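The next block holds one structure in the form of structure tokens; read it before the comments.
Note: hydrogens, waters and symmetry copies are ignored here, and every other heavy atom, side chains too, is used. The shown structure was predicted, so the numbers you read here are calculated from the model rather than taken from an experiment. Note on naming: letters A, B, ... go to the chains in the order of the sequence lines (proteins, then strands), and numbering restarts at 1 for each one.
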Protein chains: 2
Amino acid sequence: MIVSHGKEGPVTEQSLATMADVAARAGVSSATVSRVINGNYPVSAATRQRVEQAIAELGYVANAHARALAGVTNRTVGIIINDLVDPFYAYIARGVEREATAHGRLCMVCCTKGSHEQELALIDLLHEQRADAVILVGGAYEDRSYAAQVARRARALHASGSTLVLCGRPSLGEDVPTRTVEYDNEGGAFAITDYLITQGHRRIVFLGGPPNLSTTIARLAGHRRALRFRDLPHDKGLIHTGQLSRRFGYERMKALLAERADFTAVFCANDTVAAGAMQALELAGVPVPEAISVVGYDDVPIAQELRPQLTTVRIPLEEMGRQAVRLGLDVGEDNDYLSPVQTVAVVGTNIVVRASVAPAR
Amino acid sequence: MIVSHGKEGPVTEQSLATMADVAARAGVSSATVSRVINGNYPVSAATRQRVEQAIAELGYVANAHARALAGVTNRTVGIIINDLVDPFYAYIARGVEREATAHGRLCMVCCTKGSHEQELALIDLLHEQRADAVILVGGAYEDRSYAAQVARRARALHASGSTLVLCGRPSLGEDVPTRTVEYDNEGGAFAITDYLITQGHRRIVFLGGPPNLSTTIARLAGHRRALRFRDLPHDKGLIHTGQLSRRFGYERMKALLAERADFTAVFCANDTVAAGAMQALELAGVPVPEAISVVGYDDVPIAQELRPQLTTVRIPLEEMGRQAVRLGLDVGEDNDYLSPVQTVAVVGTNIVVRASVAPAR
DNA sequence: CTTCTGATAGTAAGCGCATTCTATACATCG
DNA sequence: CGATGTATAGAATGCGCTTACTATCAGAAG
């Protein structure tokens, strides 16, 4: 004979207790439970006590979805980056995660592996999740229709009370509701090129970076301005854009060495490229910086691991991530007085002089 | 005179279109819209067409919370790590993110900065989000009450249909409903210590790692077993546990050098510690590996940047992350036939021989 | 011509919570 | 002692979606 026990006994509970369960156990209404949890309404000490005990006994865990649906924001921010392992993105992501946590938000991290479609799809996904802010990190490729797609999503996000924050990529225009965190690519490139020039270098190779990536374009522009500033010729043969990978730095430098190209310094589009270039130089027995000086950009940890240590341009990556969250959440420090909403933050860059540059021969 | 325009005109829409709006515009019921979106019920071509157009015109974006509340899982996995920037965690996180994406899940990444309370709080938060799986990464400290707290959360998660996956940390016991991804800490440590011994080293320093961290304990155990295996004495004075930081490696090695300690090789608890130790050796003018051999653990990228390149134990970190997701989502390959649910995955480790070890003097 | 069947579409009932409005029990005061 | 106020608790509604259940209509079958 099979006896139905109903709800008695320690059955393996398949689903978790709800607020109603807690209410029943505490002998109150679910409204009271809600009030105890949120503490935004007076509840007598005795009642609170009973409710809290019921919560503990039942192991009650609130349902964030129900809460979000009932009107309270879900308290998450989303961040879209290229690759979690790349220190450039990792540091920004860390800043985002920390600042988000500081504001009681959870952080959803998504990676695109460089795919545009994936990026757009992820914005939509984060929108569906009703993230308080969506942070898009990294340089963008020049592409009209793609920019339009992003703009459309920025508006959709805006319409539902969220914000798209562009971090390290150019704004989409005045009429698109986004916030932007910028760092001075052009200025940093100018400064470090000028540094090389004042060390006597005249023939400087520019190495790496996709030619249609906004980041490359800005760094190259700063580089050229410095050359112009010092009245140096602008030799197109010295510009070797390509990729931002270590492999590219290695291969191209190897090729340059093989063809006995004429240069005394290399400005790498980022530190990773510099690492590859220095490896090629090391293998070829070319001493750095005695024969060739090398500089990078970003100041990620590898810059300090290289021998000689790399002179490079420092970007406050983690701070960029934090700023992005502040902008997206509208919680900038100077938000107290009724200033117009801050929509752009610019973080500064500066040269870090280490050991990879020497005066030109 | 103020005229109320009601809903006419292109007002800045404060909230996004809902399914009902789409339904109204397409002249159908919201149920039909749902069916078009989910494609799990027959809808005539003409109707589908109209609905899709309405969706496009309104820029409709589904509300993931409402969907989740209505019974469908929210399709997210959560991962809790120590620090996003640390390559050890970053690689695992990448594996998790990629595998999650491959299964149509969004990935929520949270960092603890090593805090237990934060870790527990994050499990709860992820539970509230109704994540399909929660992945806890990294070694755990021996702590009875803490383990009990985690166990309680594992049960709660289980009760609501989710899964806690322990990644690189010991199981909580048979009766706690968790899944585990392990890698062979003890075996790797044994292997690399034995490698040092076969190179003639007798006095090997063990450097770094919190003494009560499960990872340290296992690596130290493997180290000791190798010594026993080769009948070498076990000198407690050579064990220098501490932290897993570069700074610790540097400082302690500096101290050992200053007190002229007697050893010919160093087994660092991880590659980061090794980097610090090698820096101290470099500064002291002690040639590696000629005078002192150094090995690490993890095989993160820094191992290849060091000069000489570091001999170390490779862990397939990204694969661990992927396995964790498969375990958590119950989608292992061999899930086709009715095998018992897989609860433990073990990934292998292997020695990577590079240039930081030479035969003992 | 009636009955049955299959393909579509609509109706409505929640999912679990926050919150507005309402109700009760006292304490306070004129 | 009745009128008013105050603290506390409950009832009920709705957030936007999924999904049983129900309804309709055409054509096939009898």
Check your understanding: Parallel, tilted or perpendicular: which fits the ring planes of B/His116 and B/Tyr141, with parallel below 30° and perpendicular above 60°?
Key ->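 The arrangement is tilted - the two ring planes meet at 30° to 60°.
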Check your understanding: Between C/dC17 atom P and A/Leu69 atom CG, what is the distance in whole Å?
Key ->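 Rounding to the nearest Å, CG of A/Leu69 and P of C/dC17 are 12 Å apart.
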Practice item. Looking only at non-hydrogen atoms, find the nearest pair between A/Asn63 and B/Leu69 and report the distance. Key: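 Of all heavy-atom pairs spanning A/Asn63 and B/Leu69, the closest is ND2-CD1, 4.2 Å.
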Review point. Shortest non-hydrogen contact from A/Ala64 to B/Gln129?
Key: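 Heavy atoms only, the tightest pair is CB-NE2, 3.7 Å.
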Using a heavy-atom cut-off of 4.0 Å across all strands, would you classify [X] as base, sugar-phosphate, or nothing?
X: A/Ala62; answer: sugar-phosphate
X: A/Thr47; answer: sugar-phosphate
X: A/Val33; answer: nothing

Practice item. Answer yes or no: does a side-chain N or O of A/Ser44 lie under 4.0 Å from OP1 or OP2 of D/dA9? Key: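 Yes, such a contact exists.
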**Study point:** Distance below 4.0 Å between B/Asn38 side-chain N/O and D/dT18 OP1 or OP2
**Key:**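 So the side chain of B/Asn38 is within the cut-off, an N or O lying under 4.0 Å from OP1 or OP2 of D/dT18.
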Exercise for review: Establish whether the base of C/dT20 is bridged to the side chain of A/Arg35 by a donor-acceptor pair shorter than 3.5 Å.
Suggested key: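 Such a pair is found, so the answer is yes.
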Review point. Below 3.5 Å, does any donor atom in the side chain of A/Tyr41 face an acceptor in the base of D/dA9, or the other way round?
Key: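 Pair found.
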**Study point:** Shortest side-chain distance from B/Ser34, nucleotide among C/dC15, C/dT19, D/dT19
**Key:**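 Among C/dC15, C/dT19, D/dT19, the one nearest the side chain of B/Ser34 is D/dT19.
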Practice item. Choose from D/dA11, C/dG10, D/dT18 the nucleotide whose nearest atom is closest to any side-chain atom of B/Thr32. Key: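 Of the candidates, C/dG10 comes closest.
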